[in-house]
There are 2 protein chains.
Amino acid sequence: MLRLSKLTDYAVVVLARLEEAEDGRVLTAPGLAAATGLGEPTVAKVLKTLSHAGLVEGRRGASGGYRLARPLAAMPLTEVIAAIDGPIALTACVDNAAGCCETEDRCAVRGRWDPVNDAIRRTLSGISIADLAGASAVMPPHAAGARRPATFAAE
Amino acid sequence: MLRLSKLTDYAVVVLARLEEAEDGRVLTAPGLAAATGLGEPTVAKVLKTLSHAGLVEGRRGASGGYRLARPLAAMPLTEVIAAIDGPIALTACVDNAAGCCETEDRCAVRGRWDPVNDAIRRTLSGISIADLAGASAVMPPHAAGARRPATFAAE
DNA sequence: GCAATCCGTACCATTCGGGTCCTGATTTTT
DNA sequence: AAAAATCAGGACCCGAATGGTACGGATTGC
């Protein structure tokens with residue numbers, strides 16, 4: 001379904017909520033869970049992962065919590081996806097990886113996916129979390145002004 | 001991982017092989033399986049799905065088989081993905097679908113994914129199966145000429 | 001020193017994709 | 001006309017990976 005994991009979705013929600021904290025104030029994981037309506041352990045897991053990727057910073061100890069490492073406008077969607085779901089690649093065959101499939105010698109699409117993956121990354125890197133957080137519309141990166149709104153090209 | 005299913009990958013391989021048939025000649029599912037090195041039941045399943053989507057046409061009976069309904073150059077990647085994996089949507093929340101999640105009233109990203117999905121579809125619809133079948137390089141839709149080849153934007 | 005909080009890891013369950021098989025419908029060939 | 005070959009459609013089962021949980025440890029503030 002070309003769909004990213006729920007955790008990534010949660011991450012965006014949590015990050016959006018996290019931006020509302022004033023200046024350097026930190027928010028606790030249970031607090032964020034209550035604010036977003038998500039499960040407390042799940043939120044904690046997401047925050048840990050995001051912290052590991054350097055997108056949020058955690059402060060330990062009493063009166064600890066999390067805060068954004070960067071403003072959301074400087075946080076491309078690609079980084080969040082890569083942090084939660086891993087590297088962005090549509091297929092397992094990336095960079096002509098050898099031995100990934102047994103029919104690689106007669107595979108007609110060897111290495112052909114790489115430009116596609118690159119196009120996807122380029123598209124996604126032009127979208128910041130701030131665009132998803134409700135501020136304004138998505139900024140069109142370099143693409144033309146979206147023609148018809150949200151019509152399925154094929155369905 | 002933002003990765004599409006193996007079946008879609010197989011579909012592209014099978015379609016690429018199917019284009020090599022001369023004029024109106026049909027190829028059998030077992031024959032395509034042998035030519036691509038994939039499992040025979042799997043190829044049959046993929047072909048049935050593609051036939052249902054109108055991308056290939058099946059002829060029954062002895063000396064039957066499959067042939068392309070269109071040249072690959074006129075077959076955007078979006079259609080193949082939609083045929084195998086279903087509609088292209090990164091999250092379950094599409095078009096403000098109500099009732100999909102229980103926290104929709106306080107969700108900060110309500111409806112914000114739609115433009116993202118649209119951007120993905122626009123990127124993918126600019127790529128045809130012919131571009132993946134080995135003919136030439138991927139045509140850059142409107143984006144700038146791919147800078148460095150296949151570097152991970154975020155990893 | 002105690003409490004609160006983050007950190008890391010390990011663990012289990014459910015879901016979904018991947019793959020196989022069977023039966024039926026249709027067409028060609030003998 | 002019978003038989004063989006092939007597509008069509010569905011049911012089914014297994015495995016992997018996501019999603020969610022739990023526990024012990026480290027760190028900081030009161």
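Quantities reported herein were computed from a predicted structural model and do not represent experimental measurements. Letters go in sequence order (proteins before strands), and every chain restarts at 1.
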Rounded distance [0.5 Å steps], CG in B/L27 versus CD in B/E19: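 Spacing of CG (B/L27) from CD (B/E19) equals 11.5 Å.
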
Using whole Å, what does the distance between atom [atom2] of nucleotide [N] and atom [atom1] of [X] come to?
X     : N      : atom1 : atom2 : result
A/E57 : C/dC7  : CD    : P     : 10 Å
A/L47 : C/dC7  : CG    : C1'   : 12 Å
A/Y66 : C/dC7  : OH    : C1'   : 7 Å
A/L2  : C/dG17 : CG    : P     : 12 Å
A/D9  : D/dT18 : CG    : C1'   : 14 Å
B/Y10 : C/dG18 : OH    : C1'   : 8 Å
B/K45 : C/dG18 : NZ    : C1'   : 6 Å
A/L27 : C/dC6  : CG    : C1'   : 14 Å

Minimal non-hydrogen separation, A/T123 against B/A119, with atom names: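 Closest approach of A/T123 to B/A119, heavy atoms only: CG2-CB, 3.7 Å.
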
Backbone N/O of B/L47 and side chain of B/S51: donor-acceptor pair under 3.5 Å: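 Not at all, since once roles are kept as given, no pair shorter than 3.5 Å links the two residues.
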
Residues within residues 49-56 of chain B bordering DNA chain D, heavy-atom distance below 4.0 Å: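 Listed by number, they are B/S51.
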
side-chain N/O A/R59 vs D/dG29 OP1/OP2, d < 4.0 Å: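 Yes, because at least one side-chain N or O of A/R59 sits under 4.0 Å from OP1 or OP2 of D/dG29.
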
Distance below 4.0 Å between B/T28 side-chain N/O and D/dA5 OP1 or OP2: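 No, no such contact exists.
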
With A/V80, the side chain to side chain contact (heavy atoms under 4.5 Å, CB included) member among A/L4, A/V46, A/L15: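 Between A/V80 and the candidates, side chain to side chain contact (heavy atoms under 4.5 Å, CB included) is satisfied uniquely by A/L15.
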
Describe the nucleic acid contact of [X] in one word from base, sugar-phosphate, nothing, applying a heavy-atom distance below 4.0 Å.
X     : value
A/G65 : sugar-phosphate
A/G58 : sugar-phosphate
B/A44 : nothing
B/K48 : base

Selection from D/dG19, D/dT21, C/dC6 that lies nearest to any side-chain heavy atom of A/T42: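 Selected nucleotide (nearest to the side chain): D/dT21.
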
Nucleotide nearest B/A29 when distance is taken to its side chain, options D/dC7, D/dT21, D/dT18: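 Of all the options, the side chain of B/A29 is nearest to D/dC7.
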
A/E79/A/R70 ion pair, N-O < 4.0 Å: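 Looking at A/E79 and A/R70, the cut-off is met.
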
Residues B/K6 and B/D9 bridged, charged N to O under 4.0 Å: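 No, no charged N to carboxylate O under 4.0 Å.
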
With B/T28 via side chain to side chain contact (heavy atoms under 4.5 Å, CB included) - residues at least two apart: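 If we apply the side chain to side chain contact (heavy atoms under 4.5 Å, CB included) test to B/T28, skipping adjacent residues, the hits are B/P30.
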
ILVMFWY network linking B/V26 to B/L68, side-chain heavy atoms under 4.5 angstrom: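 As far as the 4.5 Å side-chain criterion goes, B/L68 and B/V26 are not connected within one cluster.
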
Which residues share a salt bridge (charged side-chain N to carboxylate O under 4.0 Å, His left out) with A/E40, sequence neighbours left out: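 Testing A/E40 for salt bridge (charged side-chain N to carboxylate O under 4.0 Å, His left out), a comparison that skips the adjacent residues, returns none.
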
Partner set under salt bridge (charged side-chain N to carboxylate O under 4.0 Å, His left out) for B/R67, not counting sequence neighbours: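 Partners of B/R67 by the salt bridge (charged side-chain N to carboxylate O under 4.0 Å, His left out) criterion, ordered by chain and then number, come out as B/E57.
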
Check the interface with nucleotides 2-4 of chain C: list each N/O to N/O pair with the protein under 3.5 Å, or write none.
from  : atom 1 : to    : atom 2 : distance (Å)
C/dA4 : N3     : A/A62 : N      : 3.4

Terminal axis angle for the helix from C/dG1-D/dC30 to C/dT30-D/dA1, five pairs an end, nearest 10 degrees: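 The value is 10°.
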
Steps toward side-chain contact (heavy atoms from CB on, under 4.5 Å) verdict (B/Y10, B/T36): CA-CA 9 Å; B/Y10 297 160; B/T36 57; over 6 Å; no

Side chain to side chain donor-acceptor pair (under 3.5 Å) between A/S125 and A/T78, worked out: CA-CA 5 Å; A/S125 65; A/T78 45; 5.2 Å; no

